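First the structure, in the form of structure tokens, and then the observations on it.
A, B, ... follow the sequence lines: proteins, then strands. Residue 1 opens every chain. Bear in mind the structure is a predicted one, so any value in this text is a computation, not a measurement.
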Number of protein chains: 2
Amino acid sequence: MKKYLEILKKCPLFRGIAEDNLLRMLTCLGARVTAFDKKYTIFAEGTPARHIGIVLSGSAQMIQVDYYGNRSILAEVVPSEIFGEAFACAESRNLPISVIATEPCEVMLIECSHILHTCQNNCGFHQALIFNLMKDLATKNILFHQRIEITAKRSTREKLLAYLVLQAKNAGCDSFEIPFDRQELADYLEVDRSGLSAEISKMRKEGILDSRKNHFTLL
Amino acid sequence: MKKYLEILKKCPLFRGIAEDNLLRMLTCLGARVTAFDKKYTIFAEGTPARHIGIVLSGSAQMIQVDYYGNRSILAEVVPSEIFGEAFACAESRNLPISVIATEPCEVMLIECSHILHTCQNNCGFHQALIFNLMKDLATKNILFHQRIEITAKRSTREKLLAYLVLQAKNAGCDSFEIPFDRQELADYLEVDRSGLSAEISKMRKEGILDSRKNHFTLL
DNA sequence: GGATTTCTGTTGAATTTTCAACAAACGGAG
DNA sequence: CTCCGTTTGTTGAAAATTCAACAGAAATCC
């Protein structure tokens, strides 16, 4: 576990927890690390939601796929970030979403009941973890608001612009990388891929933005 | 406060808390009750996010309004439900949304810092409240997933059907009321109102559903 | 390094949505 | 009961999205 310490220290679940205590805590929580190949399904829709995942390396996406196979990407998860916590904490029966690896990745899995319910050893850190979980869930909530604000727009152009402006703001710079290829961006914005490509070309011609692969610049 | 006890007991924030303790707790938290007229803005976008609201009577909506005045309805809030907790808990600077009364309503307002940070009296209930807040935030998260699953559909008909099927499931019956008028439903589904009306008529003619005002029946 | 697969941009046609405008239905106030 | 403002349904035209198909570019695999 030791080699993951730097990543784990940045994880919102462990904020404010001393490094010395972290390793012991992980043992008590029964944390285990699993590696997944690219495209592997880490959590499958319809399966019980018991674990919280922490990305240690690589990256993953939370996705929903409907009847007709339309995919929508709910979020991108990168190292030190958590996923699955909402379902595990709400003790919902089955996952309504899937989490898939977008690159080979290592994930730490923790059974959520080990966090929520005080253990036999009577460790004192459960309260801190629950507080951190609450903060994390509140933050995720706000991220969903942002996503809805973007996808609520009625046209491809407006959605794209709203998304790019937000990314620029997060990056603190008008030139930045996005974590999606074209199809993924379309699945995040809930629009047609070819229409999105066309719109990007059009905006480039109009001098609104510049793009090269997944690097964008707002002009 | 006493007359609100029945509503408050059902509030997820106070789950598991003995009735005897509730009133004392509210005093310690500095809870106050405010009445709002219909259409009144309870929380305004852009203002600091410090309070959690609990609806005691009437109802309210969380809404976002963009540049061009397009409204989207994020959620309907009814008695015993909480609003604003995500922003208050995440200690976000300013509200990205507004909450407006859809009927005359009474709301209990609690400053979130009073919940999150232990008070001088050293009350023992903060941990319980934080745990309840965490559960609530996890549940809200899942509700957002459901909303995204609905609005991610590409056509008005699919959105409407996904919404109605979910409502039927929640009601446990194929015949149910929805909390929206047509314009509000359109703003929730992120579609055009007239197109929505047309689609409903069409589906009625096709024998897929029946509707009378905001009462729907799936056939 | 070459072959193969995946990704991206383009196009035109078909389908849908949006928009604007209006009339009927409804509900509340006086 | 009547008036008046709001809500709902309808319509047609304009605009936009989706869909399918393809070709070139890029990345991956052996």
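A straight line from NZ of A:K213 to P of D:dA26 spans 10 Å, rounded to a whole angstrom. Distance B:K159 NZ to D:dT17 C1': 12 Å, rounded to the nearest Å. Rounded to an integer number of Å, the gap from NZ of A:K38 to C1' of C:dT5 is 12 Å. As a whole-Å value, the separation of A:E190 CD from C:dT17 P is 15 Å. Note: CZ (A:R182) to P (C:dT10) measures 11 Å, nearest angstrom. Here the P atom of nucleotide D:dT18 and the CZ atom of A:R157 are 15 Å apart, to the nearest Å. What separates CZ of A:R193 from P of D:dT18 is a distance of 12 Å, to the nearest Å. Here the P atom of nucleotide D:dT28 and the CG atom of A:D181 are 12 Å apart, to the nearest Å.
Counting non-hydrogen atoms of other residues, nucleotides and ligands closer than 6.0 Å to CZ of A:R50 gives a total of 12 or fewer.
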Does the ring-ring contact (aromatic ring centres under 6.0 Å, His included) test come out yes or no for A:F87 and A:F43, once each step is laid out? CA-CA 11 Å; A:F87 310 103; A:F43 287 171; 9.0 Å; no
Do A:Y68 and B:E158 pass the side chain to side chain donor-acceptor pair (under 3.5 Å) test, and can you show the C-alpha distance, the side-chain angles, and the key distance before you say yes or no? CA-CA 11 Å; A:Y68 310 106; B:E158 278 185 298; 4.6 Å; no
Apply the test salt bridge (Lys or Arg N to Asp or Glu O under 4.0 Å) to residues A:E81 and A:K140: give CA-CA distance (whole Å), side-chain angles for both, the deciding distance (0.1 Å), then the verdict. CA-CA 11 Å; A:E81 290 184 347; A:K140 293 280 171 78; over 6 Å; no
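The two residues A:F83 and A:V55 come nearest to each other via the heavy atoms CE2-CG2, 3.7 Å.
B:S201 comes within 4.0 angstrom of the backbone, heavy atoms only, and of no base. Across all strands shown, B:T156 has heavy atoms under 4.0 Å from sugar-phosphate atoms exclusively, and none from any base. Across all strands shown, A:S197 has heavy atoms under 4.0 Å from base atoms, whether or not it also approaches the sugar-phosphate. Nucleic acid contact for B:D192: base, since at least one base atom lies under 4.0 Å from a heavy atom of the residue.
Comparing A:K202 and B:Q183 by the nucleotide of DNA chain D whose heavy atom lies nearest to each, the residue mapping closer to the 5' end is B:Q183. Summary of the strand contacts: A:I200 and A:R154 both lie near DNA chain C, and taking for each the nucleotide with the nearest heavy atom, the more 5' one is attributed to A:I200.
Within residues 203-210 of chain B, the residues having any heavy atom under 4.0 Å from DNA chain D are, by residue number, B:R204.
The closest side-chain heavy-atom distance from B:R204 to B:S211 is below 4.5 Å.
By the 4.0 Å N-to-carboxylate-O rule, A:E199 lies close enough to A:R157 to be salt-bridged with it.
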